[in-house]
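I have placed the structure first, in the form of structure tokens, so that the comments after it can refer back to it.
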Protein chains: 2
Amino acid sequence: MTQTQPTMHDVAAKAGVSQMTVSRVMRGTGYISDRVRAKVMTAAAEIGYVHNRLAGGIATYDNPLVAVVVPTLGNRVFTEVLEGISAALDGQGIRPVFGVSDYDPENEARVVLDLLSWRPRGLILSGLEHSDALRQLVAKTGVRSVEVMDTDGDPIQTCVGFSQARAGHDMARHLLDKGYRRIAYIASQNSQDLRAAKRLHAFAETVTQAGAQIIAQRIAAEGSSMALGRRLTAEVMASDAPQAIYYSNDDLAAGGLMHCLANGLRVPQDVALAGFNGLSFLQALPQQITTTLSPRRQIGETAAQLLLSAEPAPDTHVDLGTQLVRGETT
Amino acid sequence: MTQTQPTMHDVAAKAGVSQMTVSRVMRGTGYISDRVRAKVMTAAAEIGYVHNRLAGGIATYDNPLVAVVVPTLGNRVFTEVLEGISAALDGQGIRPVFGVSDYDPENEARVVLDLLSWRPRGLILSGLEHSDALRQLVAKTGVRSVEVMDTDGDPIQTCVGFSQARAGHDMARHLLDKGYRRIAYIASQNSQDLRAAKRLHAFAETVTQAGAQIIAQRIAAEGSSMALGRRLTAEVMASDAPQAIYYSNDDLAAGGLMHCLANGLRVPQDVALAGFNGLSFLQALPQQITTTLSPRRQIGETAAQLLLSAEPAPDTHVDLGTQLVRGETT
DNA sequence: TCTGTATGTGTTTACGTAAACACAAGTCAA
DNA sequence: TTGACTTGTGTTTACGTAAACACATACAGA
């Protein structure tokens, strides 16, 4: 309504105190008598004054903001990481500002540059692979950063996640132990999803070293979904008849199960299925799908805590591990 | 690394121009020769300078930020709205700052107060029901706001969504037309989810006016999931044997379908199922579930655009409508 | 040649807050 | 009664940027 928003001076005038006293009341610092605090609070409420953190930030060099960049909001994995981050920050009165990179390193660098213009306390990135420009930017500006989801490689400073390679290796071992030799791999958006690529690499290595083989590989350009998994499974079953299928994602695996259900294929007798992530919706499916449980929410929480911890602790790798869930589909 | 971060003055000194020229280059305004622009850009890159929007914001009263509050990040519906918002803002160089209310009005008011301290261009809220404190806060500060997902009621200023009541009514009509008379309702977290409550209200009204009845109602306190839907469906089928079940959510409906699949119940002969939202994963299920498609992403996009449009246009209701998807389960 | 306009750059100042410092009044033990 | 400490409040100043204004230079058209 009013053209110029009210300031601490307005509140101070109304409450009959100095601007500095209002500042102290707003931040809850210093010694303030209950009488003055109450006067200031009611004055602020009447005027409709809201603390201005922009001005505060410029005065203190420090503002309660954390920048978060995820590849997409369309994958539940990242929204769960976001949930963890949000929960951890909430307790500390810190807000996340976020950006989406669309799995594109150039885009990511642009988004980070923009986010840094808000002078956040820290930066949370997804994965360990970034453009040189981004790495240099982080180094030059000296922002604290934490990279989430992946620990196979060198973080800029700190990373929290799990070994994608080990997860792939473990699943390969599991399938081999069960006796499957002719194995197919189904993934989505793989060209950009380097974490899935790492899993596949380790998976394939373990499989071939054991004398078994990856007889087919379907990598779709579109985003992950049950529908895609169902379609690709139909294709692979028709052309390659694998004994087992490893999916880059539970969505895809669930789609595969749906294909089997709808076409009278017995799982795992006719084909075994294994997913990745351990999304909770799997529990409601007719058969429990074998998958790898990743601690996504915990990764988000840990990343936020690490970022805000007193001592920077550079070069820290936090591996929260994964858990192989032996379901009924292998 | 350096204790004090570089400023425009540092860049200006390095480039041999004035601070104001650097400012113009950073913002791309005014007349700047290519030679000077290049000098400034390289100087900034070498020093590692990043534009400081906090200082800019305090100088201009205007900063490219939009505050977004959602009830939860655990429901795909809201992350899809977020996707739409993020996409619409991206093109305009504006960032979302967000908060989670956990379906609690008091919490929501607190979060909004905090978000307003960043002096955003506008505020995006979920639903039309808010605490008085929040309404007053928005009124007093004069922030532009848009409420999303619901159009049944009075928005503070503007709302974008669809009529929850009409969605409930339409589904009731559909089930009645198909001849179902004994109908059960299954929901989650309903006490706080007022939009689901509105759908139920209109649904129940239409059902009872037609002489049919809601013979059972299961409303769980926990969050929506397929597993919950499966469990509640088992309960309802055992105790009430309804002809049709209306779920507050596709997750729950899919869980219901899983229960039927796993227990040899024919759908819709033994029981009909209807969900809500039209989530994409339904397409991969063995049977296409009847549901109501809500334009979630479009709601997010429209809300963001409306918020940033030149003229405030108060009291605007934008009803993007819903679409009843006639599946194979009714 | 003169005038007006487009182009390009600099100087001064204000934005709203918080740190640093100053100071006054009250409390309490020696 | 003194001095030290706790409690409570005010004054001055700096933070980094952008608006407003001022001032050049180049060039076209009369």
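All figures in this text were calculated on a predicted structure; none of them were measured in a lab. Chain identifiers are assigned alphabetically (A, B, ...) following the order of the sequence lines, protein sequences preceding nucleic acid strands; residue numbering begins at 1 within each chain.
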message: Does dA18(C) have its OP1 or OP2 closer than 4.0 Å to a side-chain nitrogen or oxygen of S23(A)?
response: yes
message: When you measure from the side chain of D104(B) to the backbone of E106(B), do you find a donor-acceptor pair of N or O atoms at a distance under 3.5 Å?
response: yes
task: Report yes or no: does N75(B) contribute a side-chain atom to a donor-acceptor pair with the main-chain N or O of F78(B) at less than 3.5 Å?
output: no
field: S101(A): partners by side chain to side chain contact (heavy atoms under 4.5 Å, CB included), with sequence neighbours left out
entry: V69(A), P71(A), E108(A)
message: Can you measure M26(B) atom CE to dT9(C) atom P for me and round it to whole angstrom units?
response: 15 Å
query: Is M8(A) touching bases, backbone alone, or none of the nucleic acid, heavy atoms closer than 4.0 Å?
result: sugar-phosphate
Of all pairs that satisfy salt bridge (Lys or Arg N to Asp or Glu O under 4.0 Å), the ones with a partner from residues 147-161 of chain B, not counting sequence neighbours: D150(B)-K198(B)
- prompt: Taking only residues two or more places apart in sequence or in another chain, which ones pass side chain to side chain contact (heavy atoms under 4.5 Å, CB included) with Q92(B)?
  reply: I94(B), L308(B)
field: Summary of salt bridge (Lys or Arg N to Asp or Glu O under 4.0 Å) pairs that have at least one residue in residues 12-22 of chain A, sequence neighbours excluded
entry: K14(A)-E46(A)
- prompt: Between the side chain of H130(A) and the main-chain N/O of G127(A), is any donor-acceptor distance below 3.5 Å?
  reply: yes
- prompt: What is the distance, rounded to the nearest whole Å, between atom CG of L54(B) and atom P of dT17(D)?
  reply: 10 Å
- line: Sorted by chain and residue number, the salt bridge (Lys or Arg N to Asp or Glu O under 4.0 Å) partners of D315(B) (sequence neighbours excluded) come out as none
- line: Terminal axes of the helix from dT1(C)-dA30(D) to dA30(C)-dT1(D) (5 end pairs apiece), angle rounded to 10 degrees, sit apart by 30°
query: Between the side chain of N52(A) and the main-chain N/O of L54(A), is any donor-acceptor distance below 3.5 Å?
result: yes
message: Whether S33(A) contacts dT9(D) is assessed here as follows: a side-chain N or O lying under 4.0 Å from the phosphate OP1 or OP2. Is that the case?
response: yes
Using a cut-off of under 3.5 Å, enumerate the N/O to N/O pairs linking the protein to nucleotides 23-29 of chain C.
none

- prompt: Which listed nucleotide (dT7(D), dT9(D), dG16(D)) is nearest to the side chain of I32(A)?
  reply: dT9(D)
- request: Drop me the distance from T141(A)'s OG1 to Q136(A)'s CD, to the nearest 0.5 angstrom.
  value: 11.5 Å
statement: Expected list for residues 42-51 of chain B near DNA chain D, using heavy atoms below 4.0 Å, is Y49(B), H51(B)
- prompt: Can you tell me if R144(A) and S309(A) form a side-chain donor-acceptor pair at under 3.5 Å?
  reply: yes
Polar side-chain contact R24(A)-dG10(D) base: donor and acceptor under 3.5 Å: yes
query: Think R27(A) has a side-chain N or O under 4.0 angstrom from the OP1 or OP2 of dA19(C)?
result: yes
query: Starting at CG of D10(B) and ending at P of dG16(D), how long is that distance when rounded to a whole Å?
result: 9 Å
message: Among C159(A), S126(A), P155(A), which residue satisfies the side chain to side chain contact (heavy atoms under 4.5 Å, CB included) criterion with V148(A)?
response: S126(A)
query: Taking OP1 and OP2 of dG10(C), is either one under 4.0 Å from a side-chain nitrogen or oxygen of T21(B)?
result: yes
Distances for protein N/O vs nucleotides 13-15 of chain D N/O pairs under 3.5 angstrom?
| unit_1 | atom_1 | unit_2 | atom_2 | d |
| --- | --- | --- | --- | --- |
| dC15(D) | O3' | Y61(A) | OH | 3.1 |

task: Round to a whole Å and report the spacing from CG of D34(B) to P of dG8(C).
output: 8 Å
field: Any Y31(B) side-chain N or O less than 4.0 Å from OP1/OP2 of dT7(C)
entry: yes
- prompt: Whole-Å distance between dA19(D) C1' and D62(B) CG?
  reply: 13 Å
query: Which residues satisfy the salt bridge (Lys or Arg N to Asp or Glu O under 4.0 Å) test with D10(B), sequence neighbours excluded?
result: none
statement: Ranking dA19(C), dA19(D), dT17(C) by distance to the side chain of N52(A), first place goes to dT17(C)
query: What residue pairs, at least two apart or across chains, pass salt bridge (Lys or Arg N to Asp or Glu O under 4.0 Å) with a residue in residues 62-86 of chain B?
result: D62(B)-R121(B), E80(B)-R296(B), E83(B)-R297(B)
Atom-pair distance (CZ on R53(B); P on dA18(D)), nearest Å: 9 Å
task: May I have all residue pairs that pass side chain to side chain donor-acceptor pair (under 3.5 Å) and include part of residues 25-45 of chain A, sequence neighbours excluded?
output: S23(A)-R27(A)
task: Please report, rounded to the nearest Å, how far the P atom of dG8(D) is from the CZ atom of R37(A).
output: 9 Å
